[in-house]
Peer 1: 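The structure that follows is given in the form of C-alpha cells.
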Amino acid sequence: MKNQLKGCVKINASGKNLYKFINTLHDSDIDCFAQYCRNDVFYAEIYRRDLSEVQALADKLNMDLSSFEYDTISSVLIRHKKRFGIIAGIILVITASVYFSGIVMTIEIQGNSRVSETTILSALEELNIKQGTPIKEINFPYCENELRLMVDGVAWAGMHITGNRIVVEVTELVDKPEMINERMPCNVVSGKDAYITYTSIYDGQLMHKVGDYVPQGTLLINGVTKDETGHVNLHHAMGKITGTYSETVTFEENYTINQYNPTGETATEKYLKLFSFKIPVSFGKNEYSNYTSEESSKYFKIFGKTLPIGIIKNKITETELSEITFSDEELSQRIMEKIYLYEKNFLDEEVTILDRTIEKEKKDTSLVYTVTYKLEGDIGVQKEIFVK
C-alpha cells in the first residue's frame, strides 16, 4: 500500500561510469530496491519523488537512464488530475454508495393475496417507511404493530432489513367458513323449465324421474315425508338433478359508432424521479384536449443495485372523436366476439351447451343476433320450508 501511494518507478542505467553511478546512488538518501546488474545494465526501483534527482545524477555522469512507472493509485490520480469529471464521478459514486446504504431503497411485500400491495404501501408511508427514509429512524417493532392495526385483513406483520431493502411479511386473516345449517328444513324445486336427465338424492323424497318435463318451480325433492305410523319428518332436502332447458339471448351492434382514434400527433413529457417526487425536465405543456398516455421509466443503478432515481417518459398521443362505419362482415365479427365472451363468462362451468341456433335480423341502423341455447345443467334450487 505504501508503494501504491508514493508511486514506484523502475529505472535502467547504462554507461562507462556505471559503478560510480551505483556507488553515488547508494551513498545518497535515495531509497533504492530490487537492484541487480545484467550485461552492464543496472536495474532498480525507486520512488517517483526521487526520479528527478536520479536523472540529474545520470546526466552528470553521462549515463543513459530510462524509466518506467508502474500503475499505482497515486500515478492514476496524477495522470488524470485534469480530468475533473472522472474525479467528480468517483467522489459522487463513493458518496452515493455511503448515502444510499443508510436509507430505504426498495420495499418488498410478501404473503399478501387479498390485501392489495398498494394498501400496505400507503399504510407504510403514513408510518414514514418509504423510499429515502433513513433506516436508523425506523422503529420496526412499533411499525409492525401499527401496520397490523391500520390495514384491515392483516393478522400479523413482520419486517426485516436486507442491506437497504425492507421486506414486509404479512399474514392475512382467514375468514370463518360459511356455516350451512343442514338441519334447516327445505325442498328442492326446479329453477328452469326443463326435461330431467339425471337424478341423485342425498336426503328427501324424489318426486320426478328421468325424462319428466318439469316447469320452473316444480317440486323435485320433497323435504316433508311420513313414516308408516303417519309421523311427519322434516328434512334438509339435498341432491343433484340435471336437466335440459333452453335460454335465449339477444346481441345487437350498430353499424355506425363514435370512437376516439389517434390523429398521429404525439408529444413526450420527461420527469426526473427522485424517490417519491416527480420533477419536470421537459418544457411546454400538454395542449391536446383528448389524448391517451403511456408511461415508461428507467432507473439508475450502482453496483447492480437499482436507485430510487430515474427518468420517467410519458408518451402522449392525441385522439379525436370520429365516426366509424362497419360492414356486415365486420359487424358480424364484433357480435360473435360478444357471444364468445358471454359463453365464457356468464354460463356456469358445469353447464354444457348441447346446441346453439342463431337468427340474424338486419335493421336500418343495427344488426341483431338472437341466440337460442339448448343447455344441460343442474336445475335444482333449495327452497326453505317454514314451520309454525
Side-chain angles (χ1 to χ4, degrees), residues 186-201 206-222 237-266 288-294 315-384:
C186 70
N187 294 322
V188 174
V189 300
S190 177
K192 307 284 184 181
D193 296 333
Y195 288 93
I196 297 176
T197 58
Y198 173 81
T199 62
S200 179
I201 307 303
L206 178 64
M207 303 302 293
H208 293 274
K209 63 182 182 298
V210 173
D212 287 353
Y213 174 76
V214 287
Q216 184 176 0
T218 300
L219 180 62
L220 300 178
I221 306 175
N222 193 354
M238 293 185 294
K240 182 176 182 181
I241 299 181
T242 62
T244 59
Y245 54 93
S246 297
E247 281 189 2
T248 300
V249 187
T250 300
F251 302 89
E252 185 174 1
E253 281 284 331
N254 294 324
Y255 279 100
T256 302
I257 64 172
N258 292 322
Q259 181 175 295
Y260 284 96
N261 294 302
T263 64
E265 296 293 328
T266 61
Y288 300 145
S289 56
N290 299 299
Y291 61 91
T292 59
S293 61
E294 182 180 356
K315 183 180 179 181
I316 301 173
T317 302
E318 183 186 28
T319 61
E320 64 179 1
L321 189 63
S322 57
E323 188 177 87
I324 300 176
T325 301
F326 298 102
S327 65
D328 287 341
E329 292 78 9
E330 291 172 331
L331 211 58
S332 295
Q333 180 64 30
R334 288 172 64 87
I335 294 177
M336 291 304 296
E337 290 176 359
K338 278 189 171 183
I339 293 174
Y340 168 77
L341 292 175
Y342 171 79
E343 294 175 357
K344 183 177 181 180
N345 297 321
F346 294 99
L347 291 182
D348 194 282
E349 292 182 358
E350 297 182 359
V351 172
T352 303
I353 299 175
L354 301 176
D355 190 23
R356 179 181 62 185
T357 59
I358 300 176
E359 294 182 1
K360 303 178 183 179
E361 181 184 359
K362 186 174 181 180
K363 297 182 178 181
D364 292 338
T365 60
S366 64
L367 185 62
V368 180
Y369 276 31
T370 301
V371 185
T372 302
Y373 292 98
K374 184 178 180 181
L375 307 172
E376 182 178 23
D378 192 347
I379 61 173
V381 177
Q382 289 186 343
K383 189 173 182 179
E384 185 176 347

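As a basis for the values below, the full set of heavy atoms in this structure was taken, side chains included, without hydrogen atoms, waters or symmetry mates. Each residue takes its place number in the sequence, starting with 1.
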Peer 1: Please find the pair of heavy atoms, one from Tyr245 and one from Gly243, that lie closest to each other, and give the distance.
Peer 2: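 Nearest heavy atoms, Tyr245 then Gly243: CD2-O, 3.6 Å.
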Peer 1: With sequence neighbours excluded, what pairs up with Lys363 under the salt bridge (Lys or Arg N to Asp or Glu O under 4.0 Å) test?
Peer 2: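 Result, salt bridge (Lys or Arg N to Asp or Glu O under 4.0 Å) vs Lys363: none returned.
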Peer 1: About how many Å separate OG1 of Thr365 and CD1 of Ile257, when rounded to the nearest 0.5 Å?
Peer 2: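 Reported value, rounded in 0.5 Å steps: 13.0 Å.
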Peer 1: If you take all heavy atoms of Leu367 and Lys362, which pair is closest and at what distance?
Peer 2: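 Looking at all heavy atoms of both residues, the shortest contact is CD1-CA, 3.9 Å.
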Peer 1: Which residues pass the side-chain hydrogen bond (donor to acceptor under 3.5 Å, both in side chains) test with Thr370, not counting sequence neighbours?
Peer 2: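 side-chain hydrogen bond (donor to acceptor under 3.5 Å, both in side chains) list for Thr370, sorted by chain: empty.
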Peer 1: With rounding to the nearest 0.5 Å, note down the distance linking OG1 in Thr317 to CG in Asn261.
Peer 2: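 These two atoms lie 12.0 Å from each other.
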Peer 1: Sequence neighbours left out, what passes side-chain hydrogen bond (donor to acceptor under 3.5 Å, both in side chains) with Lys344? Give chain and number order.
Peer 2: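 With neighbours one apart ignored, the set is empty.
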Peer 1: Tell me the salt bridge (Lys or Arg N to Asp or Glu O under 4.0 Å) pairs involving residues 189-200, sequence neighbours left out?
Peer 2: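 Passing the test, one end in residues 189-200: Lys192-Glu247.
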Peer 1: Is it the case that atom CD in Glu359 sees more than 12 heavy atoms from other parts of the structure closer than 6.0 Å?
Peer 2: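 It does not: Glu359 CD has 12 such atoms or fewer within range.
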Peer 1: Strictly by ring pair (Phe, Tyr, Trp, His ring centres under 6.0 Å), give each pair with a member in residues 358-381 just once, sequence neighbours left out.
Peer 2: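 Every candidate ring pair (Phe, Tyr, Trp, His ring centres under 6.0 Å) pair involving residues 358-381 fails, so no pair, neighbours aside, qualifies.
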Peer 1: I'd like to check the ring pair (Phe, Tyr, Trp, His ring centres under 6.0 Å) partners of Tyr340; sequence neighbours left out, ordered by chain and number.
Peer 2: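 Not a single residue meets the ring pair (Phe, Tyr, Trp, His ring centres under 6.0 Å) criterion with Tyr340.
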Peer 1: When rounded to the nearest 0.5 angstrom, what is the spacing between CD1 in Ile201 and CG in Asn222?
Peer 2: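 So the gap between those two atoms works out to 11.0 Å.
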Peer 1: Keeping the roles fixed (side chain from Asp348, backbone from Glu350), state whether a donor-acceptor pair exists under 3.5 Å.
Peer 2: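 Yes, the answer is positive, given that a donor and an acceptor are paired below the 3.5 Å cut-off.
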Peer 1: Under the side-chain contact (heavy atoms from CB on, under 4.5 Å) rule, collect the residues that match up with Glu253, sequence neighbours excluded.
Peer 2: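 Testing Glu253 for side-chain contact (heavy atoms from CB on, under 4.5 Å), a comparison that skips the adjacent residues, returns Leu331, Arg334, Ile335, Lys338.
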Peer 1: To the nearest 0.5 angstrom, please state how far the OG atom of Ser190 sits from the NZ atom of Lys383.
Peer 2: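 Rounded to the nearest 0.5 Å, the OG-NZ separation comes to 12.0 Å.
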Peer 1: How would you list, by chain and number, every residue that makes a side-chain contact (heavy atoms from CB on, under 4.5 Å) with Gln333, sequence neighbours excluded?
Peer 2: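 Here the qualifying residues are Glu337.
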Peer 1: Under the rule for side-chain hydrogen bond (donor to acceptor under 3.5 Å, both in side chains), what residues qualify as partners of Glu361, not counting sequence neighbours?
Peer 2: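 Expected list: none.
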Peer 1: Might you confirm whether atom OH of Tyr255 has over 12 heavy atoms from other residues, nucleotides or ligands at distances under 6.0 Å?
Peer 2: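 Yes, OH of Tyr255 has more than 12 neighbouring heavy atoms, counting only those of other groups under 6.0 Å.
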Peer 1: Would you say Ile241 and Ile196 make side-chain contact, with heavy atoms under 4.5 Å?
Peer 2: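 SC-SC contact between Ile241 and Ile196 confirmed.
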Peer 1: Can you name the residues that form a ring pair (Phe, Tyr, Trp, His ring centres under 6.0 Å) with Tyr260, not counting sequence neighbours?
Peer 2: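 With sequence neighbours excluded, Tyr260 shows a ring pair (Phe, Tyr, Trp, His ring centres under 6.0 Å) to no residue whatsoever.
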Peer 1: When you compare the side chains of Glu318 and Thr263, does any donor N or O come within less than 3.5 Å of an acceptor on the partner?
Peer 2: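 Checked: Glu318/Thr263 side chains pair up, N/O donor to acceptor below 3.5 Å.
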Peer 1: Which residues pass the side-chain contact (heavy atoms from CB on, under 4.5 Å) test with Thr242, sequence neighbours left out?
Peer 2: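 Result, side-chain contact (heavy atoms from CB on, under 4.5 Å) vs Thr242: Thr197, Tyr198, Lys240, Glu376.
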Peer 1: Tell me the closest heavy-atom pair linking Ala237 and Gln382, and the distance in Å.
Peer 2: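 That closest heavy-atom pairing would be O-NE2, 3.5 Å.
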Peer 1: Hey, is OH on Tyr195 packed in by over 12 heavy atoms from elsewhere, all under 6.0 Å?
Peer 2: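 Incorrect, the count does not exceed 12.
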Peer 1: What pairs with Asn345 under side-chain contact (heavy atoms from CB on, under 4.5 Å), at least two apart in sequence or on another chain?
Peer 2: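 If we apply the side-chain contact (heavy atoms from CB on, under 4.5 Å) test to Asn345, skipping adjacent residues, the hits are Leu341.
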Peer 1: Is the shortest side-chain heavy-atom distance between Thr218 and Asp212 below 4.5 Å?
Peer 2: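 Of all side-chain heavy-atom pairs linking Asp212 with Thr218, none is under 4.5 Å.
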Peer 1: About how many Å separate CG of Leu375 and CD1 of Ile353, when rounded to the nearest 0.5 Å?
Peer 2: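 Answer for the CD1-CG pair, Ile353 versus Leu375, is 6.5 Å.
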Peer 1: If you look at every heavy atom in Val368 and Thr250, which pair is closest and at what distance?
Peer 2: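 In terms of heavy atoms, the two residues are closest at CG1-CG2, 3.6 Å.
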Peer 1: Are Leu220 and Met207 side-chain neighbours, meaning at least one heavy-atom pair lies under 4.5 Å?
Peer 2: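 The answer is no, as the side chains (C-beta and beyond) never meet within the 4.5 Å cut-off.
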Peer 1: Once you round to the nearest 0.5 Å, how far does CD of Glu330 lie from OG1 of Thr325?
Peer 2: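 Answer for the CD-OG1 pair, Glu330 versus Thr325, is 9.5 Å.
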Peer 1: Check for a donor-acceptor pair, side chain of Asp378 on one end and backbone N or O of Gly380 on the other, with a separation under 3.5 Å.
Peer 2: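 It does hold such a pair.
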Peer 1: Counting C-beta onward and ignoring hydrogens, is there a side-chain heavy-atom pair between Ile221 and Thr199 closer than 4.5 Å?
Peer 2: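 Answer no - side chains too far apart.
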Peer 1: Can you classify the ring geometry of Tyr342 versus Phe251 as parallel (below 30°), tilted (30 to 60°) or perpendicular (above 60°)?
Peer 2: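 It falls in the perpendicular class, over 60°.
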Peer 1: Between Val371 and Arg356, is any pair of side-chain heavy atoms under 4.5 Å apart?
Peer 2: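 The answer is yes; the side chains approach within 4.5 Å.
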